[in-house]
Amino acid sequence: MDLCSVKARCSVPKPCNHLADYKLKYGRTGYDSLRNNFVTGSNGNTIVCMPDKKILTCFFCNGYHERLYLCLICSSVSCLDHTLLHTQSDCGHDIAVDVKRSELYCGRCRDQVYDPDFDSAVISKYKKDLIVHRNAFESIGERSSKRRRLSSAIDLDLKKWKELSCMRDQRAKSCYPMGLRGLNNLGNTCFMNSVLQALLHAPPLRNYFLSDKHNRGACQKRSLDRSCLLCDIDIIFSAMFSGDRGPYSPAQFLCSWWQHSANLASYEQQDAHEFFISLLDGIHETENKLRDMNKGAGDCSCIAHRVFSGLLRSDVTCLTCGFTSTTYDPFMDISLHLDPSHCFSTETTNKGSKLNGSTSISTSTLVGCLDLFTKPEKLGSDQKLHCQNCQERQDSSKQLSIGRLPLALCLQVKRFEHSLVRKTSRKIDWHLQFPFSLDMSPYLSSSIIRKRLGNRILSFEGDECDISAEYEIFAVVTHSGMLESGHYVTYLRLRNQWYRCDDAWITEVDEATVRASQCYMIFYVQKMLYHKANDEIGCAPTSSRRDSLMSVVGCC
Amino acid sequence: MRHSVNRPPTPDAAEDQENVPTLQEIINIKLIESGEKERLMELLRERLTECGWKDEMKTLCRAFIKKKGRNNVTVDELVHVITPKGRASVPDSVKGELLQRIRTFLNSAAL
């Protein structure tokens, strides 16, 4: 991590000349004398009040609709236009305070300015006011939900202030991306930890829970059944994004998930992909129960489906008459085969190749696996399908393609082979090369069908065109070791830096390490969402009081 | 308006009597004194966040700052540019809800 650029982001902007002049002349006396005018309301906003006037208006025009500013030199209150005139006509009266926001404003620069000394004056009054509020509530002994919300917000605030004071020492740590935190292994639970890490940083899922779309307070399932999987997931999100960097134990969630997937409830080693599917299924069921709905996978709007669900198109062609029947099936992830017999062949894909299975495709790359997945496959003679045209069972070929892409795409590499014939299971250890940027357009139905039929004017139903086909990787779940005793580790890509999440241990790693790893589940998200998420998970600011207040008490 | 250099002048007694508060001003005072204005502000903030208006404005601000360059933008400029767009894009449902609340308040407050 480039420490220099990180430090720059966390520092205070330089004061303008006018603010610097003001400080030289008056120092902190102006701010300190204002301290008693700061009043913190129950919503956490600190405003400036004048003792003699309850309602502030512009001295010159009596306006009160616009922002009002209090001049630091002469204490006159004026609207923006009159503040600017005031600055022009009265020399030295440059700096004012926005009364509704307690922020400094420079009338000469016509811009907001910042001074840590001013902020600390506001903060000290804010702290005092909070303690008074809290004491007032406690002495009244009222039990109202608003009070509980406020006092928990106050507790959080006071904790945050303690953190702020030792923030300088932890500046390096606090500049890691938000949500980066280890997960304790509760007994062979690396399969769960690895998938949780990936899901915690799936931008659409993360945004859903962090914007409180599942409100634990209002959750009906929780009050009726005493446990709700979505609430427990929400708890994990809150804990992981709390700013605390020590490892977290998702014990309550584990319990909740056991209740849902009773057949998997044990301390034995389990399959991460199985856990992933069962978790998505649990989210789907829980949301449907909450909304008293019974939606199938195709039209469900639960968060699991909204994020991961796509549509797979299957074309079955009769090899006698050419008649093709098409079906669509929803999918939550795509499982790709690593075909051993094709491992060492060279790649030969011809445009418009005919349906003869002789073209061999290399599968040592993810793209090769996707090619194999969408390759037309001649069904065996024991799998003759009924052709509607010929009215009898005929030899057919089947081809898969993607009818609709999801927001986040999970690709599973089938490394665990269970052979019913030989009654053995084994793990395929070959290395698979996977890209960090993936373009899925060659696998869309439109591309696949065009390849088969040549350039025709074809209409494709569905909103294929609405969703972009460019993806960026954000997580890889890797497996090392043997089938029965192995270990899962997740690599996360946050702000273009890779982190290795090995249960409780998080370390920065370089790209080469990730590329060399044995991928098992690869998570991609649409390119735009990836870049947007990168903007959002910046480092926690250390010196700007404003931002930390906002994130805690929710004032805008 | 040019007043004396370092101190705003004491308001003239005669001037004051001519300034009879308008109905708008009276309503504003009543709203603030009863605490209703603060509650309405909170409600508005909540609604505008819920419907994504706040995020939209944030995006507009970011785009504007990106275009002009981080060091070439002042708060005044930003407010000046964003305000008309913001006012125009407030959803009708939010406007309606707040107007209803204000109407209810006016009916209940003895004016």
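What you see is a predicted model; the values in this text were computed from it and never measured.
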Value rounded to 0.5 Å, distance of [atom1] in [X] from [atom2] in [Y]:
X	Y	atom1	atom2	answer
I47(A)	E38(B)	CD1	CD	7.0 Å
E25(B)	T57(A)	CD	OG1	8.0 Å
T59(B)	K532(A)	OG1	NZ	6.5 Å
K100(A)	M41(B)	NZ	CE	7.0 Å

What do you reckon, is [atom1] of [X] surrounded by more than 12 foreign heavy atoms closer than 6.0 Å?
X	atom1	result
R306(A)	CZ	yes
M50(A)	CE	yes
K95(B)	NZ	yes
H531(A)	NE2	yes

Residue selection (most heavy-atom pairs with chain A, distance under 4.5 Å) from D76(B), V73(B), N28(B), V75(B):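 The residue among D76(B), V73(B), N28(B), V75(B) with the greatest pair count is D76(B).
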
Between C109(A) and chain B, which part of the residue has a heavy atom less than 4.5 Å away: side chain, backbone, both or neither? backbone

Non-hydrogen atoms of chain A under 4.5 Å away: do they reach the side chain of E33(B), the backbone, both or neither?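 Interface part for E33(B): both.
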
Which atoms of Q24(B) approach chain A - backbone, side chain, both or neither, heavy atom under 4.5 Å: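 Contact with chain A: backbone and side chain both.
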
